[in-house]
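In what follows, a structure is listed as structure tokens, so that the remarks can point back to it.
Source: prediction; values computed, not measured. The basis for the numbers below is simple: all heavy atoms, side chains too, and nothing from hydrogens, waters or symmetry mates.
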Amino acid sequence: CPFCREPVPTRVGVDEELEYARFQARCLKNDHIALKLMGALYRRGSRHTPKDGLKALDYFIRAVELGSPEACGCIANGYKKGDGVAVDKERSALFERIGALRGDIYAQHNIGVTEYYSGNHEIGIRHWKIAA
């Protein structure tokens with residue numbers, strides 16, 4: 001691990017508790033990548049975490065506050081699907097735009113899909129070109 005100088009586990013499933021403890025330690029140090037990954041773990045309910053959409057949203061929001069563009073896309077997907085929060089298309093679009101402005105290519109792609117299927121083909125294709 002580049003942060004703690006510990007060797008990275010080589011096999012999936014080996015030392016999952018140790019890996020989870022490392023994620024928690026990085027979250028306490030406000031690492032936006034670790035916060036986004038912990039949010040993803042809580043959203044799916046895997047690796048010692050119960051499935052909890054609100055806790056996942058909390059981790060994603062903390063990651064966004066620290067500058068993670070990918071976490072913006074995760075929040076947008078949560079609002080789009082109603083995962084832990086009420087379905088809100090406007091908030092979903094807002095977080096996708098913020099993520100795209102910060103450089104998340106997946107958010108940029110999703111904006112292109114939305115624009116393309118709403119009839120704005122040229123704008124959608126332009127967003128896809130930017131994301132590519």
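- Here the side chains of N110 and N77 are in contact, with some heavy-atom distance below 4.5 Å.
- Annotation for G99 and C72: closest pair CA-CB, 3.5 Å, computed over non-hydrogen atoms.
- Side-chain contact between V64 and R102 is present, with at least one heavy-atom pair separated by less than 4.5 Å.
- The side-chain heavy atoms of W128 and H109, taken from C-beta on, include a pair separated by under 4.5 Å.
- Using a 4.5 Å cut-off between side-chain heavy atoms of Ile, Leu, Val, Met, Phe, Trp and Tyr, with links allowed through other members, I61 and F95 fall into the same hydrophobic cluster.
- Ion pairing of R97 with E115 is present here, as a side-chain N (NZ or NE/NH1/NH2) and a carboxylate O approach within less than 4.0 Å.
- The closest side-chain heavy-atom distance from K51 to Y42 is not below 4.5 Å.
- Contact annotation: the side chain of Y79 approaches that of L57 to within less than 4.5 Å [non-hydrogen atoms, C-beta and beyond].
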Open item on the list: Would N30 and R62 count as a side-chain contact (heavy atoms from CB on, under 4.5 Å) here? Give the steps.
Closed with: CA-CA 8 Å; N30 290 328; R62 287 175 51 201; 4.1 Å; yes
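- Summarising the geometry, atom NE2 belonging to H121 is positioned 14.0 Å from atom CZ belonging to R126; distances are rounded to the nearest 0.5 Å.
- M38 has its side chain within reach of Q24: a pair of non-hydrogen atoms, C-beta onward, lies under 4.5 Å apart.
- Of all heavy-atom pairs spanning A100 and A107, the tightest one is N-CB, 3.7 Å.
- For the atom pair CD1 (I125) and CG (N120), the distance works out to 11.0 Å, reported to the nearest 0.5 Å.
- Rounding to the nearest 0.5 Å places CG of L94 at 9.5 Å from CD of E90.
- Cluster membership for F23 and I33, using ILVMFWY side-chain heavy atoms within less than 4.5 angstrom, is shared.
- Of all non-hydrogen atoms in K36 and A71, the two that sit nearest each other are CD-N, 3.9 Å.
- Sparse packing is recorded around CZ of R91, with 12 or fewer heavy atoms of other residues, nucleotides or ligands lying under 6.0 Å away.
- Minimum heavy-atom separation, V87 to G82: CG2-CA, 3.6 Å.
- Using a 4.5 Å heavy-atom threshold, the side chains of E96 and D104 count as separate.
- Cluster membership for L66 and I75, using ILVMFWY side-chain heavy atoms within less than 4.5 angstrom, is not shared.
- Residues K89 and K80 form a side-chain contact, since some pair of their non-hydrogen atoms from C-beta on lies under 4.5 Å apart.
- The nearest pair of heavy atoms linking H127 to G112 is CB-CA, 3.6 Å.
- Grouping the Ile, Leu, Val, Met, Phe, Trp and Tyr side chains by contacts below 4.5 angstrom, directly or via other members, places L37 with Y20.
- Transitive grouping of hydrophobic side chains (ILVMFWY, heavy atoms separated by less than 4.5 Å) brings V113 and Y116 into a common cluster.
- Note that OG of S92 and NZ of K81 are 10.0 Å apart. Values are rounded to the nearest 0.5 Å.
- Contact between V85 and G78 at its shortest, heavy atoms only, is CG2-O, 3.7 Å.
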